[in-house]
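Whatever order the structure lists them in is the order used to number ligands and atoms, beginning at 1.
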Amino acid sequence: MEKKPLNITVLGSGTSTGVPTLGCRCPVCRSHDPRNRRTRCSLVLSRAGRNILVDTATDLRQQALREDLNHVDAVLFTHAHADHVNGIDDLRAYNLQGGAPIPIYGHADTITVIQRVFGYIFDDELEPGYRPRLEPHVVSGPFDCCGLPVQPVPLHHGGSLSLGYRIGPFAYLTDCNGIPESSRSLLANLDTVIVDGLRFRPHTTHFNIPQAVEAMRELQVRRIILTHLSHEVDHERHSQALPAGVELAYDGLRLEFSI
Ligand SMILES: [Zn+2]
Ligand SMILES: [Zn+2]
Ligand SMILES: [Zn+2]
């Protein structure tokens, strides 16, 4: 395969409530630092004119406007928690450009929940213009997505499962608090990881920042970028205290690889 640039843009770096959190008057929620304004967690991978979304976050429409995302070719779903799927109806606008249904990929459990919760989308009796046209694909191993080799990586997310996705030297591991032993070999020789690092205090379903750093260090990741950040994390203040090679994501952060 000929190498081409893979551009990655963080659409959202915030936890499920977003930051600022509604009704909160804490210093981070009242901060004027744009890096403390975090929409719900999502990412877009762009290569050779194709755009692959990771999740359809609650804030998808605003994220797409901000990043001038003018078409979507596929969606990889990490799991079916509300903050990661609730923007799914906004895919309808991209369907209006014509073309085939947008393929969506995820673990069997995730696809099942999406089909149940958003039943109208998959109800062929309904008028097509009022629902996104999507083509579900269950994934359980490596697959090709718009010419990119994608490796799903099962992760512990409390008592449930989420999928991370690895593309070449990069992996996106949001919403997790443990790496199953069987997934470790899928994460060898990584350069850069964007990983769940909710806050400093422990949490039952998310890595906190020290846990995320430790887990990524065990995998010998060179560059560790923390995401799914809560309002307990102040970008400027806490960035200064992070160890070398560890940084905080922010909405609009861009990375580039050659794949
Ligand atoms: Zn989440
Ligand atoms: Zn707050
Ligand atoms: Zn989640």
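- For the Zn ion (ligand 3), the nearby protein N/O/S atoms, meaning those under 2.8 Å, are His79 NE2, His81 ND1, His157 NE2, Asp175 OD2.
- Remark: Gln220 CD is loosely packed, at most 12 non-hydrogen atoms of other residues, nucleotides or ligands lying under 6.0 Å away.
- Less than 6.0 angstrom separates the ring centroid of Phe200 from the ring centroid of His238.
- The two residues Gly164 and Leu155 come nearest to each other via the heavy atoms N-CD1, 3.5 Å.
- For the residue pair Ser46/Asn51, the side-chain donor-acceptor check at 3.5 Å is satisfied.
- Around CG of Asn189, the count of heavy atoms belonging to other residues, nucleotides or ligands within 6.0 Å does not exceed 12.
- Each protein N, O or S atom less than 2.8 Å from the Zn ion (ligand 2) was counted, giving 4.
- Under 3.5 Å, the side chains of Asp196 and Asn177 contain no donor-acceptor pair of N or O atoms.
- In this pair, His79 and His84 present their aromatic rings tilted. The plane angle is within the 30 to 60° band.
- Remark: Leu65 CG is packed, more than 12 non-hydrogen atoms of other residues, nucleotides or ligands lying under 6.0 Å away.
- Residues Glu67 and Thr9 bring no donor and acceptor atom of their side chains to less than 3.5 Å of each other.
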